[in-house]
Amino acid sequence: METDGAQPERERASAEREAACLRRLLAARDQLARELAEDERRPRSIAPLDPWAQAPALVDAEPRPPGIAEPFAAAIRGISDELERRRRNGDELAQRRAALERCIAERGRAAEAASQARSQFLARMSHELRTPINAILGYSELIADELGERGDARLTLQLLRVRAAGTTLLGLVNDVLDISRLIRAARRALDDNDLPGAQQLAARVDPDADERGEVAALRATLAYWQSDYHGCQQFGAAALPLLPRGSAPYFRVLGDAIVASVRINDRDAAERLLAATATEHVDDGARRERVICVARAALQWTLGGAPTVQARLFGELERLVGDAPLSDPRVRAQVHHALGMRAAMRGDLAEYALDLETVVAAFTEAGDLRNAALERATLATIYSALGLYERAEALGRASLGESERIAAPQAISFARMTLGGILTRRPETREEARRLLDVAAADYAAIHPRRRGVLHIHRAQLALAEGDALAAAAEAAQASLLLVEAPGFRGWALAVQARALVELGRAAEALAPAREAVAIHRRLGALPTHEFLPLLALAEASLALGDRVGAQAAVTAAREQLAARAARIADDEWRARFLATEVHVRLQALAAADIPPPDPGPAHSR
């Protein structure tokens, strides 16, 4: 006979079994949901996950206790319905992707067929127009000679008019054929990264042919890659009204002209050009070029610190990306570049570095060696900011070597500047750094205020490292003037200027640039590089003036933000190297010293 306590014991055991079974069921649901989410993130070449292959084993792993079959059945039906719905959605997305890829392939074949048809047409035109015109000219000359011998002046005059008209027509045909052939050849040379060859071919195009949009577009692209940003802007402005609005050439030239205008600080022209990206009509073959154009603009405005325009551009970019899958390497490169710069402006340098690695790989995959060389130099700079100095120097040298190999002036100048900045850190490479920066200064003598400004910062840091604080202060002051339109870099310049003034014993003068640098940092939320230099400069200037409260406030703010930035770096080695950079070590040393508040009384007043 059962005791009085047996029934509650059985009920408690049954409840525990029910709870355990429910937990397993919920775990099974969560497991399936995670696997389905992971499957949705995989490339579609991988077969989609079949949840039913695993659901029975997961759900039936624990026998269900009697008495709770209906609640479990209802729960399983709900999970089953949701999984079935998601599987259908996944199948539908896979079908859409396959259809889109087929469409892209068909349009690629159509574009190739159109190119071949154009070539065939021009070849036939060369034969079927030039041959009869030459025949007409030849016969008219023979007949005119015969009539001249007979003394028939009236008919001779008519034949001379026919010959003059034929000669004019032949000249027009030759111009059309030669210009088209030269433009195609120059474009092919650009695609093959043969910039000198493209320049030579473009030089053979008649200068009076600029009324043709494709000629002006070619010259705009060449000017861009020669770092002639004024020329790029002018040729782009001439080309855009003549190109079909919403076509692929239209968006390519528009992107070049926007970047060129920003780089010469012509913000008004850049904003006018930016409005042209919102055209209602976009050719089917131009959607990717439009995404690339908007991504390039978003990158430039992120550097320029215009939050309203940034938000609009990134919103437009997110909307457009669906029209151009990131499977296209050129689209993937430009989109990741813009997103990476946005991450940098939020203080996440590690994410920016990972994005730039994707950018370099994508440009290389696309065969765009010029842009790949440029972004290798950018990546080297970010590696240096993360404290990965050996990797930064090796990549900087590789970028310069590749840029020189493909003879790309813009990439060569940028690689010289970035490598020079990286080499200022080590005493044994500072002479090489000086040579590189001097050559880059000549390259940027009359163009690109933003890069000239950054160049002056590198020279200021080199002078400061060598103990020439006066030269450092002058270089940094020049940089801050050039970087008015790039506040993220201007904050860096002002901080270097403040540190140089402190070294000169002019701490009172250092406060103004240090405070302005910190204000820029606070307004932007972060700086693209050397983020904590403004707070360090303010702390050092405050300490030099005996303002321990101000110094403590700056150090405390820097310590908190530095800890938050370091926490975002998932890689342990990267995080340790980031915290071991000179600026960060100095800040941590000041924080560890626990700067006391000033003592009241006469001692403080002195």
Side-chain angles (χ1 to χ4, degrees), residues 41 299 302-303 332-333 335-364 372-400 414-415 417-426 429 433 454 457-458 461 465 488-489 491-492 495 521 524-536 555 557-592:
R41 289 194 294 270
L299 172 66
T302 301
L303 286 168
R332 185 164 68 250
V335 170
H336 273 279
H337 198 184
L339 293 175
M341 179 53 70
R342 184 170 66 172
M345 294 304 295
R346 292 173 175 173
D348 197 340
L349 283 183
E351 183 177 344
Y352 187 26
L354 295 175
D355 275 313
L356 283 174
E357 289 174 354
T358 300
V359 170
V360 171
F363 276 134
T364 304
L374 274 170
E375 301 319 322
R376 280 193 189 93
T378 305
L379 179 56
T381 299
I382 302 306
Y383 280 156
S384 180
L386 285 166
L388 306 172
Y389 298 121
E390 298 82 2
R391 186 181 299 190
E393 183 176 333
L395 187 59
R397 293 186 185 281
S399 174
L400 180 57
F414 187 53
M417 182 184 72
T418 55
L419 180 58
I422 291 167
L423 296 179
T424 60
R425 190 184 66 86
R426 291 194 294 135
T429 57
V454 173
I457 299 175
H458 287 313
Q461 291 188 309
F489 292 111
W492 177 18
H521 183 193
L524 297 179
L527 300 182
T529 183
H530 298 84
E531 181 181 5
F532 296 99
L533 201 60
L535 286 167
L536 176 59
V555 169
R559 180 177 57 190
E560 293 172 354
Q561 293 179 26
L562 180 58
R565 299 291 189 255
R568 293 183 181 180
I569 302 176
D571 187 279
D572 292 339
E573 180 190 356
W574 284 27
R575 190 186 316 110
R577 298 289 291 272
F578 175 70
L579 291 172
T581 60
E582 182 263 335
V583 170
H584 300 161
V585 167
R586 172 69 174 150
L587 280 169
Q588 292 172 78
L590 289 175

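None of the values given here were measured: they were computed from a predicted structure.
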Indicate the atoms forming the closest heavy-atom contact of [X] with [Y], along with that distance.
| X | Y | value |
| --- | --- | --- |
| A362 | A333 | CB-CB, 3.7 Å |
| T581 | G387 | CG2-CA, 3.6 Å |
| L349 | A344 | CD2-CB, 4.4 Å |
| A377 | T418 | CB-OG1, 3.5 Å |
| G491 | P534 | O-CG, 4.1 Å |
| A465 | T424 | CB-O, 4.3 Å |

Intermediate values then yes/no, side-chain contact (heavy atoms from CB on, under 4.5 Å), L535 and L562: CA-CA 11 Å; L535 286 167; L562 180 58; over 6 Å; no
Heavy-atom check, side chain of [X] versus side chain of [Y], under 4.5 Å:
| X | Y | result |
| --- | --- | --- |
| V585 | L579 | no |
| R577 | E390 | yes |
| L395 | L379 | yes |
| Y383 | I422 | no |
| L587 | R559 | no |
| M345 | E531 | no |

Hey, is E393 close enough to R397 for a salt bridge, meaning N to O under 4.0 Å? yes
Do the side chains of E351 and R568 get close enough for a salt bridge, i.e. N-O under 4.0 angstrom?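 Here E351 does not pair with R568 in a salt bridge, since their nearest N and O are not under 4.0 Å apart.
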Ignoring hydrogens and angles, state whether a donor on the side chain of E357 or Y352 is under 3.5 Å from an acceptor on the partner side chain. no
When H584 is tested against each of E582, R586, Q588 for side-chain contact (heavy atoms from CB on, under 4.5 Å), which residue passes?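 By the side-chain contact (heavy atoms from CB on, under 4.5 Å) criterion, H584 pairs with just one of E582, R586, Q588: Q588.
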Take F363 and L374, measure what side-chain contact (heavy atoms from CB on, under 4.5 Å) needs, and give me the verdict at the end. CA-CA 10 Å; F363 276 134; L374 274 170; over 6 Å; no
Is the W492-H458 ring centre distance short of 6.0 angstrom?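 Distance test on ring centres: under 6.0 Å, yes.
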Is there a side-chain contact (heavy atoms from CB on, under 4.5 Å) between Y389 and R426? Walk through the geometry before answering. CA-CA 10 Å; Y389 298 121; R426 291 194 294 135; over 6 Å; no
Pair L388, I382 - check side-chain contact (heavy atoms from CB on, under 4.5 Å), show working. CA-CA 9 Å; L388 306 172; I382 302 306; over 6 Å; no
Just by distance, do the side chain of T429 and the backbone of R425 share a donor-acceptor pair under 3.5 Å? no
If we ignore hydrogens and angles and just use 3.5 Å, is the side chain of R376 paired with the main-chain N or O of S399 as donor and acceptor? no
Hey, what do you get for OG1 (T381) to CG (L386), rounding to the nearest 0.5 Å? 11.0 Å
When rounded to the nearest 0.5 angstrom, what distance separates CG in L339 from OG1 in T302? 9.0 Å
